[in-house]
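Below, each value reflects all heavy atoms present in this structure, side chains not excepted, and no hydrogens, waters or symmetry copies. Along the sequence shown, residues carry numbers from 1.
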Amino acid sequence: MLHLLMKSRQQHQRAIILGVGSAEYDLYCRLESGDKYRVLFFINDDPWSHRTKIGNAELRSPSELVALCKNRQIDAVFYCNEDNASELP
């Protein structure tokens with residue numbers, strides 16, 4: 001029973017953040033410090049940053065978004081800007 005409870009606590013929802021600006025990085029830090037989400041990817045259209053990392057999340061191109069959502073079983077995709085960033089989890 002304890003094993004099942006511990007396993008359920010360790011399950012985080014997988015997330016992607018669209019963009020790599022300061023608002024997105026702040027959102028990433030909030031999500032990573034919580035228990036609900038783990039950010040796996042940032043989506044960024046700069047080709048020179050493709051497959052680099054910010055924290056534990058890899059930067060990927062916009063053309064990969066749909067495939068990442070399907071193949072990595074993404075639960076949430078976040079888009080934020082300076083105006084709505086504080087309203088997100």
For Ser49, give me all partners under side-chain hydrogen bond (donor to acceptor under 3.5 Å, both in side chains), at least two apart in sequence or on another chain.
Asn44
Would you say the side chain of Glu64 lies within less than 4.5 Å of the side chain of His50, judging by non-hydrogen atoms?
yes
Leu65 side chain reached by Leu18 side chain, heavy atoms, under 4.5 Å:
yes
If a pair satisfies salt bridge (charged side-chain N to carboxylate O under 4.0 Å, His left out) and one of its residues is in residues 45-55, list it, with sequence neighbours excluded.
Arg51-Glu58
Let me confirm one number: the CD1-CD1 distance from Ile43 to Ile16, rounded to the nearest 0.5 Å.
5.0 Å
Please identify each residue that fulfils ring pair (Phe, Tyr, Trp, His ring centres under 6.0 Å) with Phe41, with sequence neighbours left out.
none
By side-chain hydrogen bond (donor to acceptor under 3.5 Å, both in side chains) - contacts of Ser63 (at least two apart):
Ser61
Side-chain donor-acceptor contacts of residues 66-74 below 3.5 Å, not counting sequence neighbours, with atom names and distances?
from: Asn71; atom 1: ND2; to: Ala67; atom 2: O; distance (Å): 3.3

Any donor-acceptor pair under 3.5 Å from Tyr28 side chain to Asn56 backbone
yes
As an exercise, state the distance from CG of Leu31 to CD of Gln13, rounded to the nearest 0.5 Å.
10.5 Å
If the plane angle is over 60° it's perpendicular, under 30° parallel, otherwise tilted; pick one for Tyr37 and Phe78.
perpendicular
Counting C-beta onward and ignoring hydrogens, is there a side-chain heavy-atom pair between Glu32 and Arg38 closer than 4.5 Å?
yes
Measure the spacing between CD1 of Ile54 and CD of Glu24 and express it to the nearest 0.5 Å.
9.0 Å
